[in-house]
Amino acid sequence: MSPANPHESALLEDLNAPQREAVLHGDGPLLVLSGAGSGKTRVITRRVAYLVKVHNVYPWRILAVTFTNKAAREMRERLVQLLGAQANELVVSTFHSAAAQILRREAEHVGLTRSFVIYDDSDQLNVVKRAMREAGIESMQPREILHRIDQEKNAARLPEHMQVAPGDERGQLVRKVYAAYQERLRAANAVDFGDLLLLLVTLFRTRPDVLENYRRRFHHVLVDEFQDTNPVQYALLKQLAPPPSANLVVVGDDDQSIYRWRGADVDNILGFPRQYPGAKVVKLEQNYRSDQNILDAAHEVIRKNTRRMEKKLWSERQRGQTLNLMLNRDERAEGQEVARQILALQREGFIKLSSMAVFYRANAQSRVLEEALRLARVPYTLVSGRSFYDRAEVRDASAYLRLMVNPRSDADLLRIINIPARGIGDTTVERVTDFANARGVSLYEVLSQPEQIPALNGAAVKRLKGFRNLLESLTAFAQTNEEAAGAVDQMLRETKLVETLQAEGSDESQTRAENLREFLGAAQEFDLNRAAAAVAAAANPPSDVPPEVDAAPLTADVPALQAFLEQISLVGEADAEVGDGRVALMTLHAAKGLEFDAVFLTGMEENVFPHSRAVKSESTFLNEVASADGEPSEEMAEERRLCYVGFTRARKRLFVSLAQCRSLFGELRYNAPSRFLRDVPPALFGISEQEVPEAPRPMVPSTQRRRTWDEDDGPRIDRSYSQASSDMDGVGGDVRGMRVRHEQFGVGRVVSADGNGPNAKVTVEFGGGVGLKRIIARFLIPG
DNA sequence: AGATATTCTGTTTTT
DNA sequence: CAGAATATCT
């Protein structure tokens, strides 16, 4: 390769040999196996820049997909740095966004219109429930059915492709609901997340001519975090970049596959060389991120997984400080201690708040941490993705907007038919839906002539007409207005959503009204960004486009309101100003792909992390498979990978924290230290073998055992966390038949008890004509 | 109809 | 414990 091009050396100079090899790779498939912190995103972005600047590949020929919005955003930013304005012509997005954009262009081919809306999880659940009700199915949980429908979609199977054994009645039910569910979505001109991919794959399969248009355009496809692709996504990739020889570059790390529950299949990356024979394989094994102690700890955790691609991560970095183990009394103490350590690190002066992060397994854990940080005046940002758009009032507003674009969306209509309250109650709604179902038309359509609906009184008909008029007016407005903010503003005016909330007068309703104003603000900001992007695109039109290729931006010609709604559905809120002098708080899943000087990994307890579900699956797995060599269940293996991801985010300092007891789901739980802690040699924490925390043993009278996660051997009295003296401390043993006293009801006998601890609900048979009462345990006195 | 109280339930991760 | 579903009251 001659250094004829001045860009070449600049793009390559700070890369190591394998990184360079990946960037320089010519045509054909390439698999980059890259360990944590080995610079994989750098390789992808450099390669894109190299293709454009050195090989003169037109940017509009490049499609780069990632898994999460954050990753896509970051990749785009880096590419803007490398390529400047040219970066705008690239398609850099998540699988779902890219699929949504293509699907919108081709909507007519799949029985949708261009204004289709995207249903999220709770919309999906509502549709499942309605489909079940109509089919008269009550024997299964809607959640379970939805879960199985999602799995089918992840596996690229439509209802007719489902494989159900003849005797599998539940499977039959799922298929039946799935089919009805799909029909409802199509009738509502709506898709769910899974459809975005599945419908596109189906379209490409049935219409090779349509697929051909995209193949002609995208000559280079690059995929980050390939270990997290599920079968539909892989199918889509194979269509766009068919084996054996397409220019498909996939980058990933099997040890960081953490989306199995969403259908991700590690075999995609493990088997890539078989799917694309002749693919070049490059391994990135030098870690540039973490000090050796951190790397060692991470390695000790991950090496227990059996099915891995062998990689030897090494580093030239120093050993660094030891890891810190923080043992706390409970989750509140944990929060305080984290806050204290953060402030201490900041005071030392080497680490800024913006390069510190606190991780946890589940979102619910963030509240206590937030409280502690707030109290200690540590500025923080909650990196939660989409909490804003999940608020009830914002969802209501979005539902109205979606109806403005697509009035057939029954799920949205049902959501807001009586918001704000307009006297359309459950009975009326039921009659309207029954009528619409019988006719097989949308609710909106039925509302044009509500007098035809049987059993409705005059008042109800009138209110329905008023509601329909409101929707008509809004829909008409949406057709003439070209800005998202204009539509939001008009909608808020006509629906009086804000006014109604303000009139309520409570603090909470004020906050909600405020959120709606913020929603308007988000729309205004969206319009501004969009205008700026349009100017930039006009200044840099795709160049040298052959006549048979459509190189327009995928989002061209999408009306503003629709684009805004799509952003809400798929992207959520833009990242809050992370890094702006604030500590970042996030789940372990959200942490993937990021790095920080100091990381606090909290809740390192069995049943918290690893999550109780995985612990449970482990025991059933061991029972069923009787795997004597202790091979971990897939679920547990994934928790382990998650832990690996968490550890390897840290550059210099890794604080691992646990609590001896923690309120979980309203009960005090004593969890053993996480098994992942035991995998880390104590020396890495700078402690001796004896100092490794043991399973806590709360003081328990007599022979009672500690209550663990899933054992339930009947109610017991437990005096172990006794604070007050004479009150019954709570249920922890067999209390049936026990004599108790209540201030008001007098003396009685315990019939049964629910739960344990001081808040258990105890059913007591009182004397003196009082009879059975349900009492909270702490209001009872023994004897 | 609608507001409010009560019971029940299911507790992860995200596009 | 919190959100959903359900019961009860106005």
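All chains are named by letter (A, B, ...) in the order of the sequence lines, taking the proteins before the strands, and each is independently numbered beginning at 1.
For A/Arg613, whose side chain is taken as the heavy atoms from C-beta onward, the closest listed nucleotide among B/dT15, B/dT14, B/dT12 is B/dT12. For A/Arg463, counting side-chain heavy atoms from C-beta on, the closest listed nucleotide (B/dG2, B/dA1, B/dT11) is B/dA1. Here the nucleotide nearest the side chain of A/Thr587, chosen from B/dT15, B/dT14, B/dT12, is B/dT14. Among B/dT12, B/dA1, B/dG2, the nucleotide with an atom closest to any side-chain atom of A/His611 is B/dT12.
Seen from the ring of A/Tyr234, A/Lys238 counts as a face-on cation partner, given the 6.0 Å and 45° thresholds.
Taking the six-membered ring wherever Trp is involved, the centroid distance between the rings of A/Phe600 and A/Phe359 does not fall below 6.0 Å.
For C/dC1, neither phosphate oxygen OP1 nor OP2 lies less than 4.0 angstrom from any side-chain nitrogen or oxygen of A/Ser663. For B/dT15, neither phosphate oxygen OP1 nor OP2 lies less than 4.0 angstrom from any side-chain nitrogen or oxygen of A/Asn230. Side-chain nitrogen and oxygen atoms of A/Asn69 include none within less than 4.0 Å of the OP1 or OP2 phosphate oxygen of B/dT14. Side-chain nitrogen and oxygen atoms of A/Gln141 include none within less than 4.0 Å of the OP1 or OP2 phosphate oxygen of B/dT9. The phosphate of C/dA2 (OP1 or OP2) has a side-chain N or O of A/Arg367 nearer than 4.0 angstrom. OP1 or OP2 of B/dA1 sits under 4.0 Å from a side-chain N or O of A/Thr427. At C/dA5, one or more side-chain N or O atoms of A/Lys129 fall inside 4.0 Å of OP1 or OP2 (strictly under the cut-off). One finds a side-chain N or O of A/Asn363 lying less than 4.0 angstrom from the OP1 or OP2 phosphate oxygen of B/dT13.
Annotation: side-chain contact (heavy atoms from CB on, under 4.5 Å) contacts of A/Ala372 (sequence neighbours excluded): none.
In this structure, A/Gln124 reaches neither bases nor backbone, as no heavy-atom distance under 4.0 Å exists between it and the strands shown. Among the protein residues, A/Ser97 comes within range of no part of the nucleic acid, since none of its heavy atoms lies under 4.0 Å from any strand. Using a 4.0 Å heavy-atom criterion, one finds that A/Arg641 contacts no nucleic acid atom at all. Residue contacts shown for A/Tyr259 are limited to sugar-phosphate atoms, with no base heavy atom under 4.0 Å away. Residue A/Leu588 is classed as having no contact, given no heavy-atom separation below 4.0 Å to the nucleic acid.
Spacing of C1' atoms, B/dT12 relative to C/dA5, comes out at 23 Å, to the nearest Å. With both ends at atom C1', the span from C/dA4 to B/dT13 equals 22 Å, rounded to whole Å.
Distance NZ (A/Lys592) to P (B/dT14): 11 Å, rounded to an integer number of Å. One can place CZ of A/Arg260 at 16 Å from P of B/dT12, the figure rounded to the nearest angstrom. The separation between A/Met586 atom CE and B/dT13 atom P is 15 Å, rounded to whole Å. Rounded to a whole Å, the CD1 atom of A/Ile568 is 15 Å from the P atom of B/dT15. Straight-line distance from the CG atom of A/Leu664 to the C1' atom of B/dG10: 13 Å, rounded to whole Å. Rounded to a whole Å, the CZ atom of A/Arg415 is 13 Å from the C1' atom of C/dA4. What separates CG of A/Asp426 from P of C/dT8 is a distance of 16 Å, to the nearest Å. Rounded to a whole Å, the CZ atom of A/Arg143 is 11 Å from the C1' atom of C/dG3.
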Practice problem: Under the side chain to side chain contact (heavy atoms under 4.5 Å, CB included) rule, what do A/Ser663 and A/Arg669 come out as? Steps first, then yes or no, please. | Solution: CA-CA 6 Å; A/Ser663 281; A/Arg669 295 281 184 180; over 6 Å; no
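Taking for each of A/Thr428 and A/Thr94 the nucleotide of DNA chain B with the nearest heavy atom, the 5'-most of the two is the partner of A/Thr428. The 5' end of DNA chain B is approached more closely, in terms of each residue's nearest nucleotide, by A/Gly423 than by the other of A/Gly423 and A/His589.
Within a 6.0 Å radius of CZ in A/Arg374, more than 12 heavy atoms belonging to other residues, nucleotides or ligands are found.
Taking the six-membered ring for Trp and thresholds of 30 and 60 degrees, A/Phe67 and A/Tyr259 have nearly parallel ring planes, at less than 30 degrees apart.
Residues A/Asp123 and A/Arg402 are paired through a salt bridge, judged by an N-O separation under 4.0 Å between the basic side chain and the carboxylate.
Aromatic stacking is marked for A/Trp261 over B/dT13, as both cut-offs hold: 5.5 Å for the centres and 30° for the planes.
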